[in-house]
Structure formats: structure tokens, C-alpha cells
Protein chains: 2
Amino acid sequence: MPPNTALSPDTPTPARNDSAVVQTPAFSPLYQQIKGLILQSLQAGEWKPGELIPSEIELAGRFKVSQGTVRKAIDELAAENLVTRRQGKGTFVATHNEEQVQYRFLQLHPDIGQQQDEGRAQRSIIECKRIRASADIARTLQLRTGDSVIHVRRILSFNNTPTILEDIWLPSPVFKGLNAEQMAHYPGPTYAMFEMEYGVRMVRAEEKIRAVLPDAQQAQWLNTTTATPVLSVERVTFTYNDKPMELRRGLYLTDSHHYRNALS
Amino acid sequence: MPPNTALSPDTPTPARNDSAVVQTPAFSPLYQQIKGLILQSLQAGEWKPGELIPSEIELAGRFKVSQGTVRKAIDELAAENLVTRRQGKGTFVATHNEEQVQYRFLQLHPDIGQQQDEGRAQRSIIECKRIRASADIARTLQLRTGDSVIHVRRILSFNNTPTILEDIWLPSPVFKGLNAEQMAHYPGPTYAMFEMEYGVRMVRAEEKIRAVLPDAQQAQWLNTTTATPVLSVERVTFTYNDKPMELRRGLYLTDSHHYRNALS
DNA sequence: AAGTGGTCTAGACCACAAC
DNA sequence: TTGTGGTCTAGACCACTTG
């Protein structure tokens, strides 16, 4: 059997690179291939967010490798927050619901007081409707200009103080039926709603931050002035397979909050 | 032998929790203890930044554990960027010099063009002198109000465009003799200089970001106006053992740059 | 050829959770 | 008691680097 044959559920290939072959084009360790297979099952929705995945021993049997190899594959998935391990219970598909850290992608924290004041942000939806994607929005969402996207504009308030003004764009076909009612009243993080209602799990995000001045209307929504600088935060959120599934442009008031970042 | 006895170089304790003891107060896996020991050697400067540390096999022998256990300890150190593994060569103490990513803690990127335009930022030092720490600076550096600190104010320019105005505070006793000449002309990142000249390795940092307007003088230094919002970035930088060793307050011009952050 | 980190295995035992 | 993930070991072999 040739080395580095990609494993598939039908033809598990525990064999190592043991034959004399001229080239090893792109050596991929077994555990990486196993990781890829598990990833496929996650993408395919074989196990849904919050659910228990098969035990290491069972997966080892299924893929015909040792438990240690499965373990290393799952270790990496856990490091990427795709999966959560719980000793004595098993390994679960990660979710934006019960993660210790709700609002995993929101880096805005109050300057003082309990950091989880955020837990109960009031959402007020300004609008929510289908529009045609502009060129730049289409580009970042990997769509075509003019494709249908859902545009949501909302305000997040903490302690009844408007703090975040946010525009969200989502591809219509995936989020078909999303409406203002749902955005406003779903209990829990919006990303949790995306999982539950649309089967879309957001996995990672990239943000670009600037300092800007709000225009007149933006200032009004944020109950501030056009002379008060705010953070402009552009977030592209990705689901499995590095597919961009959301674009957000937010204005963050930083009078009594700050954007926090840990570097290592 | 009691379980969970902390390992020491003199009394290696490979034993597991195998005796019948009423309580296991704080179970700590062997590899964590090994990690702690290696960490101690790093802190003590036994191996300096850029140097090769003993091989896994040698460390395993020294600590009387298996290679696999040492491996897991080093895995974590590598994940925290304290150490760098190179197949075939060995494991090296991480450094701010040759890391693929120089300027590891600088998240400001140009909007367009090659991202490593940053590589050659011009530094111009406005001032560099010893002062007495104010209350808030002393607090974040874990000093006493009035303790001697070195204050540096400098401007970083990209393509001859002033972009960052930065105030830096460092504890004087550790950085004794630091002067403007050194800050301006050291070839390579400032954090690399801290390693080479003062034996201080910065390990991680925390940043708090706001949008603000510069005052008249700040605007002048940045060659902008008091009506142009800028990012206020406050960074606390830590060395081993979570000891804060530097406070930076920077103003970042975001006209043609942005602060980038990856969330996962 | 020798030495290093990287992968893979098989087996033993521990800590934790649930029945 | 059983099953899960977590730790630890010993040994084999692979891939990479250097002499």
C-alpha cells in the first residue's frame, strides 16, 4: 500500500511509510488523518453541537489505530475549541451555549465591576432584512456581488446604556427565515442561535480594529456625540473548513468599556 | 513516599499516588511537575534565550521519568512559546530575535501591501529618563509609589510616517543603565534587546484598547490633528512567573493601519 | 552514522462520573 | 461496578539534521 494514502472511513490505512518509495510528497502523520476524518464528521453534522462523540476506544477501533493516536487527534481538536473533553464523561462537540465563556468572541469588557455584566446584554434590533450584497461584502463572504444576504442592524446595551452598534451580514440561503423577532428574543448568545436554528457552528474569527468618529445617526443610536471616538471592529467569522459565514461591523463605545486582548 | 511530593532536582520522585492516603490535596501530574522544574531552570537562566536545552532523553534521565513524560512537559512549554522545538536539532529557549514572527506583540498591520513592512520601523526617542513611579504605574508593575522607574517616550514610524506614539515604563533596578542611545540604535526588536542586555525575557502581554482623541502635543508628534481619533493601547508585559515587567501606553494611528486580532 | 525530535503502539493504572 | 478521559511507561520506528 502506498504511503500517505488519505484515510477514508471505508478504507482505513493504519500502514506507515514502510515501503521504499522515491518521494514522500507531503508526509501526513496518522493522527492528522484521523483528525481530518473526525473533522469531516463534525462538518457533516454527524454529531451535533453539545452532543457526545464516540469514545476514544471506539474511534480507535473504527479507524483501526491505537487509542493514543485517536487521543492526539482529539487533543488538537480540543485545542482549537472544536471539541470539549470531560473526564469521566466523554468528548463533546463544542457549542456557544454552555461554554464556560459565553460570548467567546466579544472582547469588550467593563472597566470596573464584575466582568460578566455582559452576560445580560439587551439587544434591540433596528432592522433585519434581505438585501443584495455589495462588492466588498460579497468578497469577504465569498459570494457574488448582488447575491442575497441578510442584513441586521442592532444595538447592544449594558445596564441600559447603548454601547455597541452592530451591522451583521449573513448569506441568505444558509440563514433562510431569520427575522428580527428571533434575533431579539432568542435566549442566549446569537452564535448559539445560529447553531440551534441553522446548524451553523462558528469556529473562529478575525477582527480588524480602528478608531473612528461616528456619523450623526450612529452617534444618535449610541447616545453619544460625533466628537466622541469609538472603536470600529470588523469581524469575519468562519465556520468549519475556514468558510466565512458572517461579516460584522461594529462600533464600540469605550467610555466605560475597553477591548481586551491577551498576547502570547 | 507520600504522593504528590513536589519533585526537586535532588530528590526526583517518579512515584505515583500509589499509597493509601486519606487525601490527595491537589493532584498534580508528573509531567506538570517536570514542566515546573524546567520552568525553574528557564527562570534561573540556566539556559539562555536562543540556547539549546538538554535533549528529552537526557532530561528524562535527570528526572528519572520516561521520555514521554518529559515530552508532554515540553509540549506545553512549546505551546506557551517559552521554548521552540526543531526536529533533528533539539529544543531551544524561545527568543524575540529569531522567532519567525518578529514583533510578536505588535498587532498593528498596514491596510495594504506586504505585511512585513513593519519589519523596519524607525524608532525615534523623545525622552528616556528615570522618574518616580506614580501610584497607578507602581500598582501595575507591582512596585511602591515613588519607586524609581525608567520612562521612555518614543515614536515609531513606518515609511517615514509617524504612526505610534508610545510611553514605556520599566523598573529601574532591572534595566539599570538603559539609555536613549540603546533604545534608538539596537538592531532588532526592543524585546530582543531586553533579553540580550538585561536578561529579561517577556513571555506574554495583556492589552486594553480604547478609542481616544490625542491632545495637542500628541497630535503634533503623530503629525495629525486633535480631531483624528487614535487607538489607545495599554499593554502590560509579563516575564516568567507572571511578573509584570513593563507598562506601555501607546497611541496608534489607524488611518492606513489596523489592529488585528484572531479569535478562536 | 549518530543524535534529535516526531509518531505509533500496547498495556497498566489513576481520577472522575454515573449507574 | 463500569466506562470515560488522563497519566505514565517502554519500546519500535520514522523524519530531519549534522558530522
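Throughout, protein chains are lettered first and strands after them, A, B, ... in sequence-line order, and every chain is numbered starting at 1.
For A:Arg85, a side-chain nitrogen or oxygen approaches OP1 or OP2 of D:dG6 to under 4.0 Å. A close approach under 4.0 Å does occur between a side-chain nitrogen or oxygen of B:Thr69 and OP1 or OP2 of D:dT9.
Summary for the helix from C:dA1-D:dT18 to C:dA18-D:dT1: the axes at its two ends, each from 5 pairs, differ by 10° when rounded to the nearest 10 degrees.
A donor and an acceptor atom, one from each side chain of A:Gln122 and A:Ser157, are nowhere located under 3.5 Å apart. Side chains of A:Tyr259 and B:Asn261: a donor on one and an acceptor on the other come within 3.5 Å. Checked by atom type, the side-chain pair B:His257/B:Asp111 shows no donor-acceptor distance below 3.5 Å. A donor-acceptor contact closer than 3.5 angstrom is absent between the side chains of A:Tyr186 and A:Glu197.
Remark: A:Glu166 engages A:Arg154, A:Arg248 in a salt bridge (Lys or Arg N to Asp or Glu O under 4.0 Å) (not counting sequence neighbours). Evaluation of the salt bridge (Lys or Arg N to Asp or Glu O under 4.0 Å) rule for A:Arg85 yields A:Glu56, A:Asp75 as partners, not counting sequence neighbours.
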Please report, to 0.1 Å, the donor-acceptor pairs under 3.5 Å made by any side chain of residues 43-53 of chain A, with sequence neighbours excluded.
{"unit_1": "A:Glu46", "atom_1": "OE1", "unit_2": "A:Ser41", "atom_2": "OG", "d": "3.1"}
{"unit_1": "A:Lys48", "atom_1": "NZ", "unit_2": "A:Gly45", "atom_2": "O", "d": "2.9"}
{"unit_1": "A:Glu51", "atom_1": "OE1", "unit_2": "A:Lys48", "atom_2": "N", "d": "3.1"}

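Taking the six-membered ring where the residue is Trp, the centroids of B:Phe175 and B:Phe194 are separated by under 6.0 Å.
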Pairs: protein N or O with nucleotides 16-18 of chain D N or O, under 3.5 Å:
{"unit_1": "D:dC16", "atom_1": "O4'", "unit_2": "B:Gln87", "atom_2": "OE1", "d": "2.9"}

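Salt bridge absent: B:Lys72 and B:Glu76 never bring a charged side-chain N and a carboxylate O closer than 4.0 Å.
Within 6.0 Å of atom CE in A:Met196, 12 or fewer heavy atoms from other residues, nucleotides or ligands are found, so the atom counts as exposed in its surroundings.
Residues from residues 44-56 of chain B with heavy atoms under 4.0 angstrom of DNA chain C, sorted by number: B:Ser55, B:Glu56.
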